[in-house]
Amino acid sequence: MSTEEIMELKQKVALLEATLADVREENGIWERIFLEVSWGMVVADASNGKLLKVNPHYAEMHGYSISELIGKSMYDLLCAPGHQKDLLAEVGPRVYDDRYEYHSVHMKKDGSCFPVRINNHEITVNSRCFRITFTWDITDSELKQKELSQYQERLEELVKFRTDELEKTNEQLRSEIIQKETAENELAKANQEMINILESIGDCFKAVNREWVITYANQAMVKAREANGINGDIVGTDYWETHKVSNKTINDACLKVMNDGIPTRFETYALTMGQWVEVSIYPTPSGISIFLRNIEERRMIEKAVEEEHHRLYSLFNSFPGLIYLQEENHKIRFANNSFQSKFGSGLDQPCFEVIAGLPFPCPDCMSSMVLRNDTAVWKEMVFDNRIYEIYSQPFIDADGSRLVFKVLIDITDRRSADRELARLERLNMVGEMAAGIAHEVRNPLTTVRGFLQLLQSKKETLEYHDFFQLMTDELDRANLILTDFLSLAKDKSIGFELINISKIVTTLSPLLTADAINQDKTIILQLEEVPDSHGNGNELRQLILNLARNGLEAMRAGMTLTIRTHIFEDYIILKVCDQGGGVDPEILDRLGTPFLTTKERGTGLGLAICQSIAVRHNAKISFESGNTGTTVTVKFPVE
């Protein structure tokens, strides 16, 4: 071999070594791309199908880890029943020489099957045959099959071109640099594969080297910039010059990843693209790779969900009822504002502790029955002297857990109103009775009383004078009862004028004092100046007399009855306080009901008349009773 041939050969060797050095430099990039691409790639022994190299997406696609696949035969492990020979036989159209592309069916670790697109390529290195397989899960991408086929054809043409070129260049040195050749072929194939994938994806992608020069930008990136009125031809330009008006957050993140070598991911608004994106930045041996994914639609959905969530919570919190969600173990998972205002937060605490103050579930709790029968239940319960109507409904939470949706409605006031309505109905009934019979009965009573007085005045009946007096007294008592009936029958007062409660009590003082002295009891008046109000003086005198005489009758000799008047807020307050033995709690709430009396000769109409008079004066009567006495409070509104 001549000196010139030797020199020429050395130059070729030097050229190849320089090429190999470049290949090694880029190999790190493609190795990372091999690991991070979204399609499956494996290298296997062609004879037995044992997997030698597997990228993460291929393992994830089949439900295995990479370590579970290395050394296993893909012919036996991954091919679905009836498709085991797909990887062995030469099926599908031949793309070029020993390269094949076809559809098949693979099986996941859990036994489920899914369709795949396979590209097989066999190469021989040192007499050992390897099979390089590219696999795509085409479950959701059947419509892209045509595009993938065209891309595969271009890939095979490019690989063939590069392979032929390398084989011609290294024909004389093949035995010495066969491994270099194989590495270059694989890298070239991976390079083209990655470029095609990056061009086919909808996410924007660009690569930047350590000199901050943009070395690559896919079509999605170019189109997004152009759609926003910005130049899309950015390959070869300086990153900072190109993005001087870009999002500062993205620029700062790119600088940090370039310096620290730690990947990052975040969401922001990309000014150059005019849309919200999810930014993923990865370090590479030569610089950084930047992925931008459009998330406008996702953000709109999230915003709609957030608004609906806010609307639902606002509805629950504005509802006057007490709403909460109870877990199967009785812990409170959610409570609206009304509930928390009444019982406190209570979250993650047992409902029986928060509501009833018990250390264990309520004996009559309906939650287990609601969950067992999957039906709604209505029930009434009493907590803290309040009556609640409880609605329980089974509920499935977003995480699938079974809950009980409960609504507590305070019906204490409604029950009081029902009782008041019943009392008023009874008053109305008594009034109607009084209106119907009072006048008819009083006329004959008057006649009988007149004849008794006439007979009583005769000398012949003088010896029966006591009997006549007794009959006259009983007739007067009957007439008084009829008068009470007529008072109940009134539905409105007439003759309203300006009166003063304290002055009316003062004018009644002599009469009340006389009654108290006759019973060996004392009356104390504690009267403050109160404003005048409209009312019927006669009716208010009757009300005060009835309350005072009831108090005197309830006390033993030597005790004191106190009558007070004063102003409190917007009310004139009249209080009659006795020192009797109090009222039985069982009938305290029923005081004022017609014919309800504890006196041996009482009619049960005195307090009923007082209630009727109070209603006509827009006043309210309340009772407080204990072992030391009873206090009757009448609240008149200040005009």
Side-chain angles (χ1 to χ4, degrees), residues 22 25-26 29-30 32-34 36-39 136 141 143-144 146-155 157-158 161-162 188-259 263-300:
D22 293 339
E25 182 181 356
E26 294 182 359
I29 299 175
W30 300 119
R32 187 172 184 88
I33 292 174
F34 172 84
E36 296 181 0
V37 293
S38 59
W39 40 268
W136 296 265
S141 60
L143 296 179
K144 295 185 178 181
K146 183 177 179 180
E147 180 183 349
L148 292 174
S149 297
Q150 293 174 351
Y151 134 78
Q152 185 66 30
E153 292 174 1
R154 294 194 301 270
L155 174 64
E157 291 174 359
L158 181 59
F161 173 77
R162 294 291 298 273
K189 183 173 60 177
N191 181 33
Q192 188 61 43
E193 182 76 21
M194 180 54 62
I195 291 175
N196 289 338
I197 290 174
L198 293 175
E199 290 298 331
S200 65
I201 63 176
D203 297 341
C204 298
F205 170 80
K206 57 188 171 187
V208 182
N209 65 17
R210 294 198 173 276
E211 287 71 39
W212 292 100
V213 175
I214 301 174
T215 58
Y216 178 78
N218 69 350
Q219 285 300 309
M221 173 66 76
V222 173
K223 291 179 180 179
R225 290 177 62 88
E226 291 177 347
N228 202 33
I230 304 175
N231 181 22
D233 186 12
I234 60 175
V235 176
T237 63
D238 180 77
Y239 176 88
W240 298 109
E241 181 66 23
T242 302
H243 296 85
K244 58 185 177 182
V245 294
S246 183
N247 185 299
K248 185 177 184 299
T249 303
I250 299 177
N251 290 343
D252 291 345
C254 289
L255 184 61
K256 183 173 178 59
V257 174
M258 183 75 81
N259 293 333
T264 185
R265 177 177 296 174
F266 56 92
E267 295 179 4
T268 187
Y269 185 80
L271 297 175
T272 56
M273 299 174 61
Q275 59 193 16
W276 277 88
V277 294
E278 180 185 72
V279 182
S280 300
I281 307 174
Y282 302 97
T284 65
S286 61
I288 57 174
S289 297
I290 307 168
F291 288 87
L292 304 176
R293 172 171 294 176
N294 186 348
I295 59 171
E296 289 282 351
E297 183 176 354
R298 191 188 78 189
R299 285 179 60 83
M300 292 177 61

* Grab the two heavy atoms, one from Thr284 and one from Ser289, that are nearest each other, plus how far apart they are. => CG2-OG, 3.3 Å
* **Heavy-atom pair of closest approach, residues Gly287 and Met258** => CA-SD, 3.9 Å
* Do Glu211 and Tyr239 pass the side chain to side chain contact (heavy atoms under 4.5 Å, CB included) test, and can you show the C-alpha distance, the side-chain angles, and the key distance before you say yes or no? -> CA-CA 9 Å; Glu211 287 71 39; Tyr239 176 88; over 6 Å; no
* **Whether Trp212 and Trp240 hold their rings parallel, tilted or perpendicular, with breakpoints at 30° and 60°** => tilted
* Please round to the nearest 0.5 Å and tell me the distance separating atom CD1 of Ile288 and atom NZ of Lys256. => 13.0 Å
* Please report the closest heavy-atom contact between Arg210 and Pro285, naming both atoms and the distance. => NE-O, 3.6 Å
* Structure fact -> Rounding to 0.5 Å, atoms CD1 (Ile214) and NZ (Lys206) come to a distance of 5.5 Å
* Asked: Is any side-chain heavy atom of His243 less than 4.5 Å from a side-chain heavy atom of Ile250?
  -> no
* Validation row: Trp276, Glu297 side chains within 4.5 angstrom (heavy atoms) -> no
* **Flag, side chain of Asn247 to backbone of Tyr269, donor-acceptor distance under 3.5 Å** => yes
Report, one line per pair, each donor and acceptor closer than 3.5 Å where one atom sits in a side chain of residues 224-231; sequence neighbours left out.
unit_1 : atom_1 : unit_2 : atom_2 : d
Arg225 : NE     : Asn231 : O      : 2.9
Arg225 : NH2    : Asn231 : O      : 3.3
Asn228 : ND2    : Leu271 : O      : 2.9
Asn228 : ND2    : Thr272 : O      : 3.1
Asn231 : OD1    : Asp233 : N      : 3.1

* **Distance-only donor-acceptor check, side chains Thr268 and Thr249, under 3.5 Å** => no
* To do: Without swapping roles, check the side chain of Asp203 against the backbone of Phe291 for a donor-acceptor pair under 3.5 Å.
  => no
* Candidate pair Cys254 and Ile290, rule side chain to side chain contact (heavy atoms under 4.5 Å, CB included), full reasoning -> CA-CA 8 Å; Cys254 289; Ile290 307 168; 3.5 Å; yes
* In Å and rounded to the nearest 0.5 Å, what is the CZ to CZ distance from Arg265 to Arg293? -> 7.5 Å
* Asked: Hey, does the side chain of Thr264 reach the backbone of Ile281 with a donor-acceptor pair shorter than 3.5 angstrom?
  -> no
